[in-house]
Amino acid sequence: MTTAAPSPAARRAPDPSTVALLLADARLPGGGHAHSASLEPALLGGLPAADVPAWMAGRATTVSLVEAGTAVVASRVLAAGPVAEDDGPAALAAVERAWAARTPSQALRDAARLLGRGYLRVARTLWSGHPAVVAVAGQAARHGSVPRAVVLGAVAAASGLTPADVVRLTVYDDAQTAASALLKLEPLDPLVTARWVLDACAAAEPHVPRVAACTTPESIPASGAPQTEGWAEAHALRTQRLFRA
């Protein structure tokens with residue numbers, strides 16, 4: 001006698017910590033392998049490989065926090081209930097506008113939206129039917145795409161990830177993406193880059209409570225990295241590169 005597999009509605013929701021582990025796993029097919037978290041543009045722009053640890057720590061306390069704050073605010077907007085198509089302060093569109101204002105580089109915005117498509121595919125497969133995922137999918141259908149940080153907010157709302165976990169996950173994913181890319185760009189011991197990832201996460205840790213407390217688009221950190229923006233724009237014009245950004 002065989003037993004039918006449980007329906008999606010009958011499945012037990014996974015523990016949020018398990019979801020965080022899943023999202024932090026580089027084997028998750030979210031498209032991150034095509035991106036270097038801006039490391040390739042930096043190296044091609046003249047950043048010495050010896051300075052990568054400091055660059056990673058700097059990114060963890062600037063650009064990564066913009067992404068993390070966007071995801072936190074998006075998750076709160078989506079968890080609050082249905083998202084209307086308006087320009088009110090709590091609308092999902094306002095969150096995306098706040099993120100775009102803090103990401104001046106068109107090349108980086110395009111890369112983030114491309115990553116968003118991959119994350120949305122994951123979200124629609126694993127949390128299909130959840131109102132938060134449906135809302136973001138609708139936003140993507142209306143506008144062509146949404147940035148990865150907004151999709152991560154939907155995943156957080158659907159899976160119960162805490163704001164602090166969203167911040168740590170965003171910082172770790174960004175640092176790990178750069179570390180993985182570095183191994184393809186420069187010959188290096190993988191254990192060395194693992195240390196750099198931990199150091200980057202440690203640098204961001206004092207900022208976690210502040211970013212996790214973000215509730216409105218206006219409260220998203222605005223800590224940019226102008227040199228990174230310039231390198232990204234130059235990188236977008238190259239015909240020979242390993243990564244999209």
Side-chain angles (χ1 to χ4, degrees), residues 19-45 47 49 51-71 99 103 105 107-123 145-153 155-156 161 165-205 207 211 223-225 227-229 231-232 235-236 241-245:
V19 174
L21 290 172
L22 172 71
L23 295 173
D25 192 333
R27 292 167 292 187
L28 184 72
H33 61 278
H35 297 263
S36 70
S38 294
L39 181 58
E40 185 179 39
L43 292 174
L44 291 174
L47 178 76
D51 290 348
V52 170
W55 175 87
M56 288 175 64
R59 184 175 174 86
T61 54
T62 55
V63 177
S64 297
L65 298 185
V66 174
E67 296 287 306
T70 301
W99 164 82
T103 311
S105 167
L108 291 181
R109 293 198 301 271
D110 290 344
R113 291 189 173 103
L114 185 62
L115 280 175
R117 293 191 190 104
Y119 268 65
L120 184 56
R121 178 171 173 263
V122 171
S145 63
V146 291
R148 183 196 66 157
V150 172
V151 181
L152 181 56
V155 169
L161 281 175
D165 282 342
V166 171
V167 177
R168 293 188 177 101
L169 172 63
T170 303
V171 171
Y172 169 81
D173 181 65
D174 197 60
Q176 186 61 58
T177 297
S180 298
L182 182 61
L183 297 178
K184 299 176 183 177
L185 297 165
E186 298 281 344
L188 202 64
D189 183 346
L191 290 179
V192 172
T193 60
R195 175 74 263 172
W196 295 351
V197 170
L198 292 178
D199 289 344
C201 292
E205 187 61 28
H207 302 275
V211 180
S223 46
Q227 182 65 78
T228 293
E229 303 276 346
W231 283 333
H235 184 262
R241 58 190 182 188
L242 288 180
F243 299 97
R244 173 68 182 264

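When reading the values below, keep in mind they use all heavy atoms of this one structure, side chains included, and skip hydrogens, waters and symmetry mates.
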Begin with the C-alpha distance, continue with both residues' side-chain angles, and end with the deciding distance and a verdict on side-chain contact (heavy atoms from CB on, under 4.5 Å) for Trp99 and Val150. CA-CA 9 Å; Trp99 164 82; Val150 172; 5.7 Å; no
Working note: Asp199 + Met56, criterion side-chain contact (heavy atoms from CB on, under 4.5 Å); need CA distance, chi angles, decisive distance, verdict. CA-CA 9 Å; Asp199 289 344; Met56 288 175 64; over 6 Å; no
Under the criterion side-chain contact (heavy atoms from CB on, under 4.5 Å), I'd like the reasoning laid out for Leu43 against Leu182: C-alpha separation, chi angles, the key distance, then a yes or no. CA-CA 9 Å; Leu43 292 174; Leu182 182 61; 4.0 Å; yes
Give the intermediate values and the outcome of side-chain contact (heavy atoms from CB on, under 4.5 Å) for residues Glu205 and Arg168. CA-CA 8 Å; Glu205 187 61 28; Arg168 293 188 177 101; 2.6 Å; yes
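Side-chain atoms of Arg109 come within 3.5 Å of backbone atoms of Thr103 as a donor-acceptor pair (strictly under, hydrogens ignored).
When all heavy atoms of Thr193 and Leu183 are compared, the closest pair comes out as CG2-CD2, 3.9 Å. Annotation for Ala60 and Val171: closest pair CB-CG1, 3.9 Å, computed over non-hydrogen atoms. Trp55 approaches Ala37 most closely through the heavy-atom pair CH2-O, 3.2 Å. Across all their heavy atoms, Val151 and Ala123 have their closest contact at CG1-CB, 4.4 Å. Nearest approach of Gly58 to Thr61, heavy atoms of both residues: O-OG1, 3.1 Å. Taking each heavy atom of Val197 and Ala175 in turn, the nearest pair found is CG2-O, 3.8 Å.
Taking 4.0 Å as the cut-off between side-chain N and carboxylate O, Asp189 and Arg195 do not count as a salt-bridged pair.
The OG1 atom of Thr70 lies 10.5 Å from the CG atom of Leu65; values are rounded to the nearest 0.5 Å. The distance from the CG atom of Leu161 to the CG atom of Leu169 is 7.0 Å, given to the nearest 0.5 Å. Rounded to the nearest 0.5 Å, atoms CG (Leu39) and NE2 (His235) are 9.5 Å apart. If you take CG on Leu47 and OG on Ser38, they are separated by 11.5 Å, rounding to the nearest 0.5 Å. Here the OG1-CG distance, from Thr170 to Leu152, works out to 4.5 Å after rounding to the nearest 0.5 Å. The OG1 atom of Thr62 sits 10.5 Å away from the CD atom of Glu67 when rounded to the nearest 0.5 Å.
Glu40 and Trp231 form no side-chain donor-acceptor contact under 3.5 Å, judged by distance and modelled atom types alone.
Just one residue in the list Leu120, Leu114, Leu115 forms a side chain to side chain contact (heavy atoms under 4.5 Å, CB included) with Arg117, and that residue is Leu114.
The side-chain heavy atoms of Tyr119 and Val155, taken from C-beta on, include no pair separated by under 4.5 Å. Side-chain contact between Pro41 and Thr228 is absent, with no heavy-atom pair separated by less than 4.5 Å.
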